[in-house]
Amino acid sequence: MAAAAIAEQRVVGRFAPSPTGPLHAGSLVAALASWLDARARRGRWLLRIEDVDTPRCVPGMDAVILAQLAGCGLHPDGPVWYQSRRGDAYAAALQRLAGAGLAYPCDCTRREIDDALAARGIAHARFAERVYPGICRPRADGGGGPRGRPRRAWRLRADGIVHWADRRLGAQVQDVAAEVGDFVLRRADGVWAYQLAVVVDDAAQGITDVVRGADLADNTARQILLQRALGLPTPRYLHTPLVRGADGQKLSKQNGAAPLDLARPVAALQAAAAVLGLPPIDAPAPATWLMRALPAWAGMIAALGNP
Ligand code: GLU
């Protein structure tokens, strides 16, 4: 009965680029995989522009990304969502969490966080995430809490070990309290954190399957904690292999990855498919290429044994 209900649930996938630069060979892997995964099960594929972190967003880049996707035959099944227009929904979610005592304001400076960590003998490695030491977390004895500075971030009380299953990577576990600590939902400068925006929007768009790059896998436990705190469903997750540059680093806009070559979209799709472990597909144009790739994706997913 439950299995039948799951089988009948309409699959909804999504691709959620940040408009900080044009799509490159690495981002096409996630776009293609999410499209194939939704369409192979007759599902819908949605597009969401993740433009919450406005200082990093490049004006007009959303249109560039949409054109790149269209050039590869990837067309969303519905209006494109913009996170910059979703502030009210994020505010409502934060209010619910705060009302339930699950989120609290924090006015720590980075320096104070580093000092508190250093006092515990934890040096902060450059570029590594700081495990928040809980300075502003309200305590049962009435202690904790912010010091009354006007600029405050909001953090989630992150308690618990999260177990989850990735459809490609298998069983995963993260002790969020120990590895991340109470994480930010809204920054002190008012910018909504990726974790909150993604969780609220995945639920609002009815996403059943999140397919994205493996660099985001270690955000999943935080997102599941947030879903639970907000009473939202947890989608299935599949994290795709990363494309690495000549330096061995993940290909990214930051390390200057070349934008997709739209003069040769089939070759771009073919390269992305190879990263996903799909066999070469012969087709003259993106639309035919995509149709022919669907059974190959379905076969590969079935072989993973975690459909
Ligand atoms: N906006 C994120 C990025 O471009 C992806 C978010 C997600 O797929 O959850 O890296």
Side-chain angles (χ1 to χ4, degrees), residues 11-38 44-58 61-62 64-66 68-69 74 76 80-86 89-90 93 129 162 164 166-169 172 174 180 183-185 187 191-227 230 232-244 249-255 257 259-260 272 275-276:
V11 167
V12 187
R14 50 70 158 182
F15 178 54
S18 306
T20 52
L23 298 183
H24 51 73
S27 31
L28 183 63
V29 173
L32 173 63
S34 60
W35 187 93
L36 288 172
D37 190 57
R44 300 172 67 224
W45 182 71
L46 303 178
L47 191 63
R48 185 167 75 226
I49 300 291
E50 300 214 319
D51 53 353
V52 269
D53 193 352
T54 35
R56 288 181 55 231
C57 295
V58 179
M61 199 48 77
D62 56 325
V64 172
I65 292 173
L66 283 168
Q68 288 181 303
L69 291 169
L74 302 169
V80 178
W81 279 37
Y82 285 82
Q83 291 194 323
S84 54
R85 301 178 192 158
R86 301 268 307 144
Y90 308 146
E129 216 154 340
V162 178
W164 58 282
D166 185 274
R167 291 165 59 208
R168 187 177 75 88
L169 304 170
Q172 308 287 315
Q174 188 179 53
V180 183
F183 57 88
V184 171
L185 303 172
R187 293 189 340 210
V191 171
W192 295 103
Y194 157 66
Q195 311 294 353
L196 181 71
V198 86
V199 161
V200 168
D201 286 348
D202 280 340
Q205 291 189 287
I207 303 301
T208 60
D209 289 82
V210 171
V211 176
R212 60 186 177 192
D215 54 320
L216 293 164
D218 71 349
N219 290 272
T220 309
R222 268 172 275 182
Q223 292 170 15
I224 291 173
L225 269 189
L226 254 178
Q227 288 152 2
L230 287 164
L232 300 173
T234 291
R236 290 174 287 252
Y237 288 95
L238 187 157
H239 290 87
T240 57
L242 300 180
V243 178
R244 301 202 178 271
Q249 295 295 311
K250 177 206 145 195
L251 208 59
S252 74
K253 296 160 194 168
Q254 285 71 32
N255 66 17
L260 289 182
V275 174
L276 293 168

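All ligand and atom numbering here is 1-based and tracks the order in the structure.
Counting atoms of ligand 1 from 1 in the listed order, those under 4.0 Å from a heavy atom of Val198 are 9 (O). In the vicinity of Tyr194, heavy-atom distances shorter than 4.0 Å reach the ligand 1 atoms 6 (C), 7 (C), 9 (O). In the vicinity of Arg212, heavy-atom distances shorter than 4.0 Å reach the ligand 1 atoms 7 (C), 8 (O), 9 (O).
Considering both main-chain and side-chain atoms, Ala16 comes within under 3.5 Å of ligand 1 through a nitrogen or oxygen pair.
Ligand 1 lies less than 4.0 angstrom from a heavy atom belonging to Arg14.
Side-chain contact annotation: Asp201 with Gln83, donor-acceptor N/O pair under 3.5 Å present. A donor-acceptor pair shorter than 3.5 Å can be found between the side chains of Arg212 and His239. The closest side-chain donor-acceptor pair between Thr234 and Gln227 falls under 3.5 angstrom. Looking at Asp62 and Tyr82, their side chains do bring a donor and an acceptor atom within 3.5 Å of each other.
Only the side chain of Leu216 comes within 4.0 Å of ligand 1, judged by heavy-atom distances.
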- Task: Give the C-alpha distance, both sets of side-chain angles, the deciding distance and a yes or no for salt bridge (charged side-chain N to carboxylate O under 4.0 Å, His left out) between Arg48 and Asp202.
- Result: CA-CA 9 Å; Arg48 185 167 75 226; Asp202 280 340; 2.9 Å; yes
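By the 30° and 60° cut-offs, the orientation of the rings of Trp45 relative to Phe15 is parallel.
Looking at Ser18, Pro19, Ala197 and measuring to atom 4 (O) of ligand 1, the nearest heavy atom belongs to Ser18.
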